[in-house]
2 protein chains.
Amino acid sequence: MTAKRTTTDDELAFLASYDATRFPRPSVAVDVVLLTVRDGAIWALLGRRDDHPHRGRWALPGSFLRIEESLDAAAARVLRTKAGLRGVFTEQLYTFGSPGRDPRTRVIAVAYYALIEPASLERAVASRTDGLILARLDVSWPGETGGPVAALDSSGIHLPLAFDHAEILGMAVKRIRGKLDYAPIGFELLPAAFPLRDLRLVHEAILGRALNKDSFRRRILDRGLVVPTGERAAGVGHRPPELYRFSDRSAT
Amino acid sequence: MTAKRTTTDDELAFLASYDATRFPRPSVAVDVVLLTVRDGAIWALLGRRDDHPHRGRWALPGSFLRIEESLDAAAARVLRTKAGLRGVFTEQLYTFGSPGRDPRTRVIAVAYYALIEPASLERAVASRTDGLILARLDVSWPGETGGPVAALDSSGIHLPLAFDHAEILGMAVKRIRGKLDYAPIGFELLPAAFPLRDLRLVHEAILGRALNKDSFRRRILDRGLVVPTGERAAGVGHRPPELYRFSDRSAT
DNA sequence: GTAATAGTGTCTTTAAGACACTATGTA
DNA sequence: TACATAGTGTCTTAAAGACACTATTAC
């Protein structure tokens, strides 16, 4: 972090006289794209806006940044207070700051994305009565092209999104598509023990295309990122697959 | 961007009564890591701080965000006013917001990185009298590990950096290392026409390791990202190499 | 001529795709 | 038993590394 240094009397005097209100300052908010993967699609947590602006539209969970709180802490607080979740994998995504993105006042939104396995997220949504939904994302662009992403309700109807949240969703999808190959993010979307098939289905849903079964297995096993648990899934209607777990080796 | 929608009288009344000053707001600054590659190393533009805090230490060029200015526009303004540069490749990097990172007040720094070829940057530094220097970066970590990065003056002495700017430099190096393989960022660091050797030296400097000469040539040419200009470099003391230029094909 | 790097051709190695085949559970 | 998916083995293909060899300029 900041290197050790001495504070001089001169500097102390400067700091005492510093007036932070001399310039108009924007508000800073933190928005969280909480994602999961299920049924071959990416899903995101959205909340219905009860207040202006964009009342009735759907928005990412978010909050204004508190004055003595780090950005990461604000993202964790949003997940805790809006979804009742703790210890979820979270990473900063991008900062959105177009002057017109919020009609109230100038708001800089520091966006985060978070990944969680579907069972926990469904439980969180079910335990809430404040209009949270899990929306299926409709990614219309291929590869890592990027662009806004639409959200669909359970009937496949497009949900009207608030602010620039379609852009933020698009950035989150683009990010996890890009990171999937070299970062262990698929594991965040699965329970502790999982068959390799489920890991492949998660990758396919994120990438939006089918993957070769054999080379996927080989690639994952060769990298040593997963280790067999010795257990097998039961009651699957066919040969039960071996269950694996994420191996936290520091290998690349 | 934001979807088309109608504004109701109800909402207009809400907006008229909205008081943006109800909550304390942090300041928002934009800092730019302007990078180039020369002599097998990465270099960054730094300025000596004339004022408190961190007077005498070295800092990234930056500015507080103006209230009606986009983040991208602020980054472009910083490059224009602090280095006299326009049209430089610039991309958002990461947002730094630890509560203690600036002793004056809470400052959220939206960091950008920019890439330029060394001749233009040297010209910009030489034409300034306000204490700008080109500092060589000392990247001590391998691969995409990440972490703070030190800056050295022309004698190889460590320059004391202001705020958390060693962290920001580290994030910029990590980012360009990661993007080098799939994004055409090497070209931003070279003149319009260049021999393949220079492109390889740029890649090697960024990655911090030697690359196989033959497969580098094959890889670059096979991707069709460069096209021969038909000209050759002269006066190089050996067989003159063909000069290539970046081909702006939309191919992946 | 020598020195130095450009550039080509070929062999080997490695990772990924294709695909056949065997294994083992449920119904 | 049939069925469905798990898992193995092998062939092919594509990309990268290794390396030998030729090409062309400055000196």
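Note that the structure is predicted; figures quoted are calculated from it, not measured. Just so it is clear: chains get the letters A, B, ... in the order the sequence lines come, proteins before strands, and each one is counted from 1.
- The two residues B/E144 and A/Y182 make their nearest non-hydrogen contact at OE1-CE1, 4.3 Å.
- Between A/R200 atom CZ and D/dT5 atom P there is a gap of 10 Å when expressed in whole angstrom units.
- For the residue pair A/P240 and A/R232, the shortest heavy atom distance occurs at O-NH1, 2.6 Å.
- Close approach of DNA chain C to chain A, defined as any atom under 4.0 Å from a non-hydrogen atom of the protein, starts and stops at C/dA16 to C/dT26.
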Protein-nucleotides 22-25 of chain D N/O pairs under 3.5 Å:
from, atom 1, to, atom 2, distance (Å)
D/dA23, O4', B/R239, NH1, 3.3
D/dA23, N3, B/R239, NH1, 2.9
D/dT24, O2, B/R239, N, 3.3
D/dT25, O2, B/R239, N, 3.3

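- Applying the side chain to side chain donor-acceptor pair (under 3.5 Å) criterion to B/S120, with sequence neighbours excluded, gives B/E117.
- Of all heavy-atom pairs between B/F216 and B/L196, the closest is CE2-O, 4.0 Å.
- Atom-to-atom distance recorded for B/L115:CG and B/T36:OG1 is 8.5 Å, nearest 0.5 angstrom.
- Among the protein residues, A/R219 comes within range of the sugar-phosphate backbone only, with heavy atoms under 4.0 Å from sugar or phosphate atoms but none that close to a base.
- The environment of B/R177 atom CZ is dense: over 12 non-hydrogen atoms of other residues, nucleotides or ligands sit within 6.0 angstrom.
- Under the 3.5 Å distance criterion, with hydrogens and angles disregarded, a donor-acceptor pair is assigned to the side chains of A/T95 and B/T95.
- The pair B/R101-B/E167 fails the salt-bridge criterion, with no side-chain N (NZ, NE, NH1 or NH2) lying under 4.0 Å from an Asp/Glu carboxylate O.
- Residue whose closest nucleotide on DNA chain C sits further toward the 5' end, between B/L196 and A/V236: B/L196.
- When the P atom of D/dC11 is taken as reference, atom CZ of A/R218 falls 14 Å away, rounded to whole Å.
- Under 4.0 angstrom from either OP1 or OP2 of D/dA16 there lies no side-chain N or O belonging to B/S215.
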